[in-house]
Trainee: 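Quick one: this structure, given as structure tokens, is what I'll be asking you about.
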There are 2 protein chains.
Amino acid sequence: MAHDHSELLKKIKKDMPEDELLQDLGDLFKVFGDTTRIKIMYALYEGEMCVCAISELLNMTQSAISHQLKTLKDANLVSARREGKEMYYSLSDEHVKSIIAEGYEHITE
Amino acid sequence: MAHDHSELLKKIKKDMPEDELLQDLGDLFKVFGDTTRIKIMYALYEGEMCVCAISELLNMTQSAISHQLKTLKDANLVSARREGKEMYYSLSDEHVKSIIAEGYEHITE
DNA sequence: CGTTCATATGTACATCTGTTCATATGTTAC
DNA sequence: GTAACATATGAACAGATGTACATATGAACG
């Protein structure tokens, strides 16, 4: 640390959200920060899918997909619906698409 | 794997972006997926800051901040400008704010 | 030149993360 | 009840990640 920033820091600290909110924000983006989960979300763009269809699509084990779906569900990004033996997952709301769209814009320009 | 999904999968595969793009998307969100980096970006909302101001604000070592700034710079999220001995960092473009804003909306409702 | 200040970088280490394997749960059909 | 299928879950392990420490680079000044 070095020269004086106290005025600037005071102003910024006042405008920064609470630590807990910033933590939650980081945790949310962490969920988006994995290719497998991004792929799952993209796959659900057109509608619901069962677990085994997703694992077939991504060519990954059912267990791996199930674990990732749990992560997505805990972050309220996907919802599940049971139909007989199968579980159908779908995107929870439009936020998923708009968050991905914003990221997409950043990297493609 | 189990019952047949070949039709569904064919359709979805056609509409999915390239693997490389999905990887890049994940990598981008990974950068947002850390509280320290989120805090740095929020701190830069109001304008540029030098490294030691940021490290004082977040109460972290200069080294830690420098490493994180490098990560942010590599992802084209912040830019740097030298003025004498100091380096001033600022947000590269409005994408940072809009991505964070979308995440913010998701967790606060 | 050498000194001081601001920042960058390499390394090491503890922690976190994603996948696999094995197994448990839950549903349907017999 | 049992068998078969779809999914969930726990444990273990390899690989990635964030920080601190030590040190290097670069700029300003005498």
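Just the heavy atoms: all of them, side chains too, but no hydrogens, waters or symmetry mates, feed the values below. Below, chain A is the first sequence line, B the second, and so on; all start at residue 1.
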Trainee: Given atom CD of A:Q68 and atom P of D:dT7, what is their separation to the nearest angstrom?
Mentor: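 Rounded to whole Å, this separation is 16 Å.
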Trainee: Hey, does A:F29 have a side-chain heavy atom less than 4.5 Å from the side chain of B:V31?
Mentor: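 SC-SC contact between B:V31 and A:F29 ruled out.
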Trainee: Consider the side chain of A:A64, meaning its heavy atoms from C-beta on, and name the nucleotide among C:dT20, C:dT7, C:dG18 that approaches it most closely.
Mentor: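 So the side chain of A:A64 is nearest to C:dT20.
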Trainee: Work out which heavy atom in A:E109 is nearest to a heavy atom in A:E105; give both atom names and the distance.
Mentor: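 That closest heavy-atom pairing would be CG-O, 3.6 Å.
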Trainee: Send over the distance from B:E48 CD to C:dA6 C1', rounded to a whole Å.
Mentor: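 Whole-Å distance recorded here is 15 Å.
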Trainee: Any donor-acceptor pair under 3.5 Å between the side chain of B:S63 and the base of C:dT9?
Mentor: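 For B:S63, whose side chain was compared with the base of C:dT9, there is a donor-acceptor pair (under 3.5 Å).
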Trainee: For a quick test of reading the model: is some side-chain N or O of B:Y89 closer than 4.0 Å to OP1 or OP2 of C:dA8?
Mentor: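 Checking B:Y89 against C:dA8: at least one side-chain N or O falls below 4.0 Å of OP1 or OP2.
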Trainee: Check whether A:Y89 forms a cation-pi arrangement with A:K73 (NZ or CZ under 6.0 Å from the six-membered ring centre, at most 45° off the ring normal).
Mentor: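 Because its charged atom misses either the 6.0 Å distance or the 45° angle limit, A:K73 does not stack over A:Y89.
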Trainee: Verify the contact: side-chain N or O of B:T61 to OP1 or OP2 of D:dA20, cut-off strictly under 4.0 Å; return yes or no.
Mentor: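 For B:T61, the contact criterion (side-chain N or O under 4.0 Å from OP1 or OP2 of D:dA20) is met.
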Trainee: Which whole-number value in Å describes the distance from B:K85 NZ to D:dA24 P?
Mentor: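 It works out to 20 Å between those atoms.
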Trainee: May I ask you to test the A:K97-A:Y45 pair for a side-chain heavy-atom distance under 4.5 Å?
Mentor: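 A side-chain contact exists here, since the closest heavy-atom pair is under 4.5 Å.
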Trainee: Can you tell me how far C1' of C:dG18 sits from CG of A:L58, to the nearest Å?
Mentor: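 Going from CG in A:L58 over to C1' in C:dG18 covers 14 Å.
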Trainee: Quick one: do B:K30 and A:D34 make a salt bridge, cutoff under 4.0 Å?
Mentor: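 Salt bridge flag = no for A:D34 with B:K30.
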Trainee: What nucleotide, of C:dG18, C:dT7, D:dT7, holds the atom closest to the side chain of A:V51?
Mentor: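 So the nucleotide nearest the side chain must be D:dT7.
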Trainee: Which residue, B:R37 or A:S66, contacts DNA chain D at a nucleotide closer to its 5' end, judged by nearest heavy atom?
Mentor: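 Looking at the nearest nucleotide for each, A:S66 comes out on the 5' side.
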Trainee: Considering just the side-chain nitrogens and oxygens of B:T36, establish if one lies under 4.0 Å of OP1 or OP2 belonging to D:dT19.
Mentor: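 Result: yes.
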Trainee: Which one, D:dT7, C:dT27, C:dT17, comes nearest to the side chain of A:R82?
Mentor: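 It is C:dT27.
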Trainee: Report the nucleotide, chosen from C:dT11, C:dA8, D:dT7, that has the shortest atom-to-atom distance to any side-chain atom of A:Q62.
Mentor: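 That would be D:dT7.
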Trainee: Of the nucleotides D:dT7, C:dC21, C:dT17, which has the atom closest to the A:E86 side chain?
Mentor: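 From the listed options, D:dT7 comes nearest.
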Trainee: Could you state the atom-to-atom distance from CE of B:M60 to P of C:dA8 in whole Å?
Mentor: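 Distance, rounded to whole Å: 15 Å.
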Trainee: For the pair made of NZ in B:K70 and P in D:dG18, what is the distance, rounded to whole Å?
Mentor: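 About 14 Å, once rounded to whole Å.
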Trainee: From CG of B:L72 over to P of D:dT17, roughly how many Å is that when rounded to an integer?
Mentor: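 That distance rounds to 14 Å.
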Trainee: What is the separation between atom CD1 on A:I65 and atom P on D:dT7, rounded to the nearest whole Å?
Mentor: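 Rounded to the whole Å, the gap is 11 Å.
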Trainee: Could you pick out which residue, A:H67 or B:Y88, lies toward the 5' side of DNA chain C when each is mapped onto its nearest nucleotide?
Mentor: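 The 5'-side residue here is B:Y88.
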